Engineer: 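Just dropping this structure here.
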Amino acid sequence: MELSEHIKTANVEDVTLRRPFHPALRGTLCVTSHHLLFSDGKDEASWQLLILLKNIDAIEKSVEILFGYPRAVGSSGTITIKCKDLLVLQLEIPGMEECLNIASSIEALSSLESVTEMYPFFYRPSHLTLSGPWGLSSMEQYYKQTERLWDRWRISTVNSDYSVCLSYPSAVIVPREVDDDMLIRSARFRQGGRFPVLSYCHHRNGMVIMRSSQPLTGANKKSCKEDELLLRAVIDGSKLGYIIDLRSAQQAQQARMTGGGFESKSCYSDWKRFHRHHERGKVVQESLIKLVEACSDPSHSVDRWLSKLENSKWLSHVHSALCTAGLVVECVERDGHSVLVHGSEGTDNTLLVSSLAQLILDPASRTVTGFLCLLEREWIQAGHPFQQRCAHSAYSHARLKQECPSFLLLLDCVWQVWRQFPLALEFSEALLLRLAQEVYASNYGTFLCNSEQERCAAGVKENTHCLFQSLLRPDIEEQYLNPLYEPTDLVIWPSVHPQSLQLWTGLFLRWTEYAQNMEEAREEVWSIVKEHREQAGPDRTNNMLSTHCDTLTPFENLMDELTIL
Amino acid sequence: MEHIRTPKVEQVKLLDRFSNKSVTGTLHLTATHLIFVESNSTSAQEIWILHHHIASVEKLSLTTSGCPLLIQCRNFRLVHFVIPRERDCHDIYSSLLRLLRPVSYDELYAFSYNPKQNDQQREEGWQLIDLAAEFERMGVPCDQWQLTDVNREYKVCKTYPRDLYVPITASKPIIVGSSKFRSKGRFPVLTYFYQEKKAAVCRCSQPLSGFSARCLEDEHMLQAISKANHNSRYIYVMDTRPKLNALANRAAGKGYENEDNYSNIRFQFVGIENIHVMRGSLQKLLEVVGTRSLSMTDYLVGLENSGWLRHIKAIMDAAIFLAKAVTVEGASVLVHCSDGWDRTAQVCALGSLLMDPYYRTIKGFMVLIEKDWISFGHKFADRCDQLNIDPKEVSPIFTQFLECVWQLTEQFPQAFEFSEWFLIQIHEHVHSCQFGNFLGNSQRQREDLQLKERTYSLWAHLLNEKQNYLNPVYSPSFAESHPVLEPSTQAYHFKFWRNMYHQYDRSMHPRQSILKHVLTLKDSNRELEGTVQALKTKLQKFGVRTSPLKPQTPPRERSIAPRPQSLILGAPLLSRKEVQQEEDEEVFGEEAREDAPASTGGERTVEGSSATENGYGEVMGSFGSKNEPGVVTLEFGVARMSC
């Protein structure tokens, strides 16, 4: 079925648009295969509103029928559109039929399942070309750039045809002394074939963070020699490594009943295991739903708000993610040992913890480029199933399937770190907000599909543009820079006391007045910094002198004369 | 001094409140301070605690390492010492017990504090705030409001100031009659005049109406207030208490205005709880946030159960109601509670702050406190426990006011000239008894104590350090476009004020402060501008007088002047020499010491933190076998950045 067949009514006149901070507007509404457009007709060229249909999370319609009028004249309908970026807007549409048509078109077109029908495959801005490499960096490039890896680590292409692990990229970094055969065997012992691979090598002491999925020990305590050898090769002679299991000890035990399990002390004698309970999947998605609901609660009671905030548990998830990331950092930096992180599948919390730990440890990942590379490596290439996880957001009434806002949780945690170290990150909150939006609905192909393999099959790299590349274009990048950035080489230990963590108002209260005041204050900070840069640029004294030089010259001559006299 | 039995104890351990860390040092007891000096010579932190700041001292049961002494301060600092010998501990304990219970005003620090100013400077300090000038600024006296001398000798009301403003039509007999019908004689007087609409904010105490009593003079008084405002036919009477409390008061012959007896009033209950509820609420709040390894759930549940933010919001709601009535409806408002010195002060002060941008400046805020709190007789001595008279009288009423202001600064980051550090500093000194301003319960008592002759004014001290309290993003043009603040009362705007209640818990704070950084940038901008100006003048000099030019020395390569690293944010760190002045500034751990040379070297330290104090998991105890070398903590504990 062609996309356009979903569109029964393409244009409606005399529609009233209501949205936060703007006066109600009257104009023309238009539905296309991928967008909802609204124009007030004053300026043909400029749209007042342009929303990707994919951004629409839920749509509610209410139809008013005025009795005594002929149907077509007296009826009108209101559509409430709730977007995945948490914007809520209302459209009053004259004519009941038009209203229902528009609503059903939006419903159908906003929940397309086929990747190649999605907008990134049609997005062709004039300033971007499809030729050239896609993405910021590949695993091979990362390996080449990271000299400290060369000695003990190698690139393995055992997964080049995605046969060993469907969700891994074609190249992974593994210990040099482990051959591909061993990797294949280890992969068979790990859920989804996600055998332990290198995630980060600490620049200070060469210790590493590895990640994987759970071992398939099962009820009868199977073991796998190759997996053990692989891990032994990771710590290479040192007598200790830490396994951070992102499930409680009890959950890990229970996982054995369904074929999963954990690394037992008897088989992995050099490794010490910690269990940290992290909620996953549905529970976290429901937290997001509850939190967003709490944020739009019209009652002004503090008690109710606090109780709803608590009840959503969102901040508890943020808290535990930061705690565990802190623990990983402690193991690597302070205790000087390598760490293996995994939960069950190794595609959600595992990535959350490993990437947060890197942000805390590694100054290189705190720049705009570094951060985007980190996301590319640890989320996109590492096979976080974006398409499943971000199918719906907080407003959707659809039954939950695989949705889970793991990536949003990461952004929130990064925001918390930024709040505690406002000078240490090169990027600003704006970048985090942009990413929070793009991950759910985007013009770019970056967050499409669930793994490298799927992206290859769908031809994402050939047919879409890369978000990260476009964010790094100098004119774009500037708006995401943190004016106060001052690089620091040190580990930025975040405080994880509940009192130190806050609701990410920039995201969750984005469409309130509050956000506007903050925005103005931020601009003021920017202007102070700019003023400072102008006055105190690297060659400020020269500048200052040179600006006066012209006026100075005649006097200098005069002065020379005087001194001669 | 005779109370001090052991002036010095060595080998005392100071335990960190939220982690297992501890440092060893020497404890000194002086007549005014308890001082802890860390013995580690390279990073000796010092903690100065003023006796007046100590709320309670507790001796816990003996442990193997010594005798624990728990000291809780009114500025929310909590220190936990372990003293090796029980006898020393007992000596310190009993000396402190005596020292922190001064028996008379003369024992308060303010009477011995000497900032090395001469009498003239001191007098000038006291003259900084002039309330008569403030009323003039509001446009009073005017054709409807006049200054009355009825209380010149404190005869009508002992707790009011001498100068009071009343409607022109309120004659002396009416005033005196009304005052007899009001609790503690606190009859309705003007506190703020909204010139634009000629609407007045008046304050008083509850009427002694009981179940049916009336007072014609009081009814006349309200009528007079109403008549003074031609814009509105009615006035609002705001009873800031919950209705139940007001009803209960009727049984004691007090109560509230009966709308039938007063013409043209609109009566309104607001529902702010009394001092006892507030005291209990703060206690609960502090208990929750003082818990070690607190979970997010317990934190939020505890925050809710303490009710603290609910009370803050109730005060804010009342102030917003007041501001709306005055600025939108143009109606005059009479505010009272029971005695008219707690809730009434909160609501009037906060309401005025919403209406008048002047009160959002540093000087204006001082005036506001001087007017609505000090002069109208908020009982600072009782509420802040200056003389330990009655624990039931103690209550964080003024703290709540400061917190309300802070909540506003969070909503309107550009509206205030001062930063939160200013509020925290005021809070510090309300309890320090170092300056005369807040001593005693009323103006009359302050005069009896001859405070202006014998003590110094806080306002002069704060104005001297003004630079440290500035809000870098303050925008006067914002004040022009928003003369009246209209804060949102959405519940999510009410946040826990970490920097107040965890002021001394270093590990809680953001490691890097935007405020401090931007202030530093602004300072440096100013300096550079100065240099440019200097160069320009020099150039001009060439033009006019042909004096020989000194060799152009390029301006000194300046790195940004480092902002001293003290408590938090832009807090001032006083010079070491001014120990007398340095009231009880804590210098933080290794970082701060590390910082000391940095503050001259043009390098700024960023508080990093050691992993231990963050407690990412109890598990770290299981690293136990590996002794953590002190150096390591230090190295990781300090994140250095140069500008």
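Worth knowing before you read on, the calculation uses all heavy atoms, side chains too, and leaves out hydrogens, waters and symmetry mates. Keep in mind the model is a prediction, meaning the values are calculated, not measured. The sequence lines fix the lettering, A, B, ..., with proteins before strands; numbering per chain opens at 1.
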Engineer: Mind checking the CD-CZ spacing from A/Gln502 to B/Arg498? Nearest 0.5 Å is all I need.
Structural biologist: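 Nearest 0.5 Å value for the CD-CZ distance: 6.0 Å.
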Engineer: Side chain, backbone, both or neither: which part of B/Ser488 has a heavy atom under 4.5 Å from chain A?
Structural biologist: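 Nothing of B/Ser488, per the 4.5 Å heavy-atom cut-off to chain A.
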Engineer: How long is the gap from CG on A/Leu503 to OH on B/Tyr492, to the nearest 0.5 Å?
Structural biologist: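 One finds 10.0 Å between CG of A/Leu503 and OH of B/Tyr492.
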Engineer: Salt bridge (charged side-chain N to carboxylate O under 4.0 Å, His left out): which pairs involve residues 310-327 of chain A, sequence neighbours left out?
Structural biologist: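 Only A/Glu310-A/Lys313 qualify under salt bridge (charged side-chain N to carboxylate O under 4.0 Å, His left out).
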Engineer: Between A/Asp297 and chain B, which part of the residue has a heavy atom less than 4.5 Å away: side chain, backbone, both or neither?
Structural biologist: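 For A/Asp297, backbone heavy atoms alone lie under 4.5 Å from chain B.
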Engineer: Can you say whether B/Gln414 sits under 4.5 Å from chain A via the side chain, the backbone, both, or neither, judging by heavy atoms?
Structural biologist: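 It is the side chain, since no backbone atom gets that close.
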Engineer: The criterion is salt bridge (charged side-chain N to carboxylate O under 4.0 Å, His left out); which residues satisfy it with A/Asp412, sequence neighbours excluded?
Structural biologist: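 Applying salt bridge (charged side-chain N to carboxylate O under 4.0 Å, His left out) to A/Asp412 gives none.
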Engineer: Output the distance between atom CZ (B/Arg310) and atom CZ (A/Arg304), rounded to the nearest 0.5 Å.
Structural biologist: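 B/Arg310 atom CZ to A/Arg304 atom CZ measures 14.5 Å (nearest 0.5 Å).
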Engineer: So what's closer than 4.5 Å to chain A heavy atoms on B/Tyr501: side chain, backbone, both or neither?
Structural biologist: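 For B/Tyr501, there is no contact with chain A at all, as no heavy atom is under 4.5 Å.
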Engineer: For A/Ser301, is it the side chain, the backbone, both, or neither that has a heavy atom closer than 4.5 Å to a heavy atom of chain B?
Structural biologist: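 For A/Ser301, the contact with chain B is made by the backbone alone.
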Engineer: Quick one: does A/Gln499's side chain have a donor or acceptor within less than 3.5 Å of a partner on B/Val289's backbone?
Structural biologist: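 Answer holds: yes.
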Engineer: List the atom pairs, with distances to 0.1 Å, where a side-chain N or O of residues 311-318 of chain B and a protein N or O form a donor-acceptor pair under 3.5 Å, not counting sequence neighbours.
Structural biologist:
{"from": "B/Lys313", "atom 1": "NZ", "to": "A/His300", "atom 2": "O", "distance (Å)": "2.8"}
{"from": "B/Lys313", "atom 1": "NZ", "to": "B/Asp317", "atom 2": "OD2", "distance (Å)": "3.1"}

Engineer: Within residues 295-305 of chain B, which positions have a heavy-atom distance to chain A below 4.5 Å?
Structural biologist: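 Expected list: B/Ser295, B/Met296, B/Thr297, B/Tyr299, B/Leu300, B/Val301, B/Leu303, B/Glu304.
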